Novice: 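This is the structure I want to talk about, given as structure tokens.
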2 protein chains.
Amino acid sequence: MAVDREKFQKLLKEKGLKMTRQRLVVLEVLAENPEQHLTAEDIYERVKVENPDIGLATVYRTVQLLLELELIDRINLDDGFIRYEIGSLDEEEHHRYHHLICLRCGKVSAFQDDMLEALETGVKQALGFQVVDHEVKLYGYCKDCLEKEHK
Amino acid sequence: MAVDREKFQKLLKEKGLKMTRQRLVVLEVLAENPEQHLTAEDIYERVKVENPDIGLATVYRTVQLLLELELIDRINLDDGFIRYEIGSLDEEEHHRYHHLICLRCGKVSAFQDDMLEALETGVKQALGFQVVDHEVKLYGYCKDCLEKEHK
DNA sequence: ATGCTTGCAAAAGGTTTGCATGTAG
DNA sequence: CTACATGCAAACCTTTTGCAAGCAT
């Protein structure tokens with residue numbers, strides 16, 4: 001997935017910010033690794049390959065920026081790291097991704113489901129709470145680990 | 001909600017652990033504050049009232065232990081603190097609690113819904129992933145904040 | 001030129017750990 | 001008595017921040 005530089009620059013300009021090599025490279029790494037749940041350190045390692053001078057602090061500052069621009073999503077798997085992934089380009093699908101976390105091997109996979117929309121409507125009517133985003137994590141055992149266990 | 005000391009001691013004994021004043025007090029604080037989402041520091045402050053000598057490290061060690069015994073649940077609201085609350089005594093209700101997080105005032109409330117059971121069955125059939133626990137967080141604006149905004 | 005950005009290193013802040021002492025069983 | 005548990009302080013580790021130097025516009 002390629003980064004649209006013009007669109008990126010336009011988004012930055014709207015906030016009085018500048019397009020830099022570092023920001024572009026961080027965004028590109030995330031765009032090239034969709035659904036990969038990268039930590040700041042992961043991004044740093046990959047960015048350094050073609051950009052050895054970049055600092056880890058810049059990666060942290062950039063992911064914060066990309067979050068504010070809503071270009072990426074934040075994922076917290078409760079393992080002490082905050083992870084990031086490129087947001088879905090399709091607005092309709094953007095909030096329908098959930099995560100499956102294997103308690104044995106730690107593998108994380110995503111699946112899509114829109115059943116929560118009904119739940120959100122119900123919460124609004126019953127409690128007056130207006131939902132704008134959600135996060136669903138399902139913990140359990142993945143197919144591979146289940147099969148290994150049965151041997 | 002009172003703590004069943006005999007049951008607690010039995011659980012500890014099964015793992016070769018001892019029942020101490022500190023462990024009991026931490027569990028009691030959590031039992032007396034259901035659905036309160038206490039941080040380790042919160043627990044520490046409340047425990048210190050009647051037990052000034054306890055150390056913060058003991059609180060951390062104890063919540064880890066209580067998690068392993070499945071007496072309490074862990075909640076991560078992405079605010080830099082890990083929070084804890086007593087688990088539902090009713091096994092059937094144990095995994096049906098979800099959280100509503102207000103993006104304006106930060107208030108957290110819980111609601112109950114079992115619609116995820118159907119989702120979990122579907123995930124098992126479609127992907128072979130066996131779900132044993134889940135966490136659902138809905139972000140949005142609570143009734144109070146919505147009303148204030150409309151004035 | 002102006003002022004946003006960066007890199008470095010230091011700081012921050014919640015959580016964990018080492019170790020000598022205390023205590024439950 | 002023995003092994004597990006505690007308290008204290010230091011260590012950890014991810015993330016944030018201060019500041020002088022570096023760029024984008």
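Predicted, not measured: the structure shown is a model, and the values here were computed from it. Here is the naming used below: chain letters follow the sequence lines, and residue numbers restart at 1 for every chain.
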Novice: Is A/Leu65 close to A/Leu12 at the side-chain level, that is, under 4.5 Å between some pair of heavy atoms?
Specialist: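 Yes, close enough: below the 4.5 Å cut-off.
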
Novice: Check whether B/Lys137 reaches the backbone of B/Asn76 with its side chain - one donor and one acceptor, N or O, closer than 3.5 Å.
Specialist: yes

Novice: According to a strict under-4.0 Å criterion, is B/Gln22 in side-chain N/O contact with OP1 or OP2 of D/dG7?
Specialist: yes

Novice: Assign the ring pair A/His98 / A/Phe111 to parallel, tilted or perpendicular, where the plane angle (0 to 90°) is split at 30° and 60°.
Specialist: perpendicular

Novice: Grab the CD1-C1' distance between B/Ile43 and C/dT15 for me, whole Å please.
Specialist: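 Taking atom C1' of C/dT15 as the reference, CD1 of B/Ile43 is at 13 Å.
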
Novice: Relative to the 5' end of DNA chain D, which residue comes earlier, B/Tyr44 or B/Arg23, by the nucleotide with the nearest heavy atom?
Specialist: B/Arg23

Novice: Rounded off to whole Å, could you give me the CE-to-P distance for the B/Met19 and D/dT6 pair?
Specialist: 12 Å

Novice: When rounded to the nearest 0.5 angstrom, what is the spacing between CG in B/Leu69 and CG in B/Leu17?
Specialist: 7.0 Å

Novice: Rounded to whole Å, how long is the line connecting atom CD of B/Glu14 with atom C1' of D/dC4?
Specialist: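 After rounding, the reported distance stands at 17 Å.
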
Novice: To the nearest Å, give me how far apart CG (B/Asn51) and P (D/dA5) are.
Specialist: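 After rounding, the gap between these two atoms is 17 Å.
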
Novice: Just the table, please: protein N/O against nucleotides 16-22 of chain D N/O, every pair under 3.5 Å.
Specialist:
{"unit_1": "D/dG18", "atom_1": "O6", "unit_2": "A/Arg61", "atom_2": "NH1", "d": "3.3"}

Novice: Measure the distance from CG on B/Asp53 to P on D/dA9 and round it to the nearest whole Å.
Specialist: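 Checked: the CG to P distance equals 13 Å.
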
Novice: Counting only side-chain N and O atoms of A/Gln9, is one of them less than 4.0 Å from OP1 or OP2 of D/dT25?
Specialist: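 Affirmative; the distance criterion is met.
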
Novice: For B/Glu41, answer base if it contacts any base atom (sugar-phosphate contacts may also be present), sugar-phosphate if it contacts only those atoms, and nothing otherwise; contact means non-hydrogen atoms under 4.0 Å.
Specialist: nothing

Novice: Sub-3.5 Å donor-acceptor pair from the side chain of A/Arg23 to the main-chain atoms of A/Lys18, do we have one?
Specialist: yes

Novice: It should be established whether B/Thr20 places a side-chain nitrogen or oxygen under 4.0 Å from OP1 or OP2 of nucleotide D/dT6.
Specialist: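 Yes, B/Thr20 has a side-chain N/O under 4.0 Å of OP1/OP2 on D/dT6.
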
Novice: Taking side-chain hydrogen bond (donor to acceptor under 3.5 Å, both in side chains) as the criterion, tell me which of B/Arg46, B/Gln22, B/Arg21 meets it with B/Asn51.
Specialist: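 Only match with B/Asn51 under side-chain hydrogen bond (donor to acceptor under 3.5 Å, both in side chains): B/Arg21.
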
Novice: Please report, rounded to the nearest Å, how far the P atom of C/dG3 is from the CG atom of A/Leu12.
Specialist: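 It is 19 Å, rounded to the nearest whole Å.
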
Novice: How close or far is atom P of D/dT14 from atom CG of A/Asn76, stated in whole angstroms?
Specialist: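 Value for this atom pair: 14 Å.
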
Novice: Round to the nearest Å and state the distance from B/Asp79 atom CG to C/dG13 atom P.
Specialist: 14 Å

Novice: Is there a side-chain contact between B/Lys48 and B/Ile54, using heavy atoms and a 4.5 Å cut-off?
Specialist: yes

Novice: DNA chain C: B/Gly80 or B/Arg21, which has the more 5' nearest nucleotide?
Specialist: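 The 5'-side residue here is B/Gly80.
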
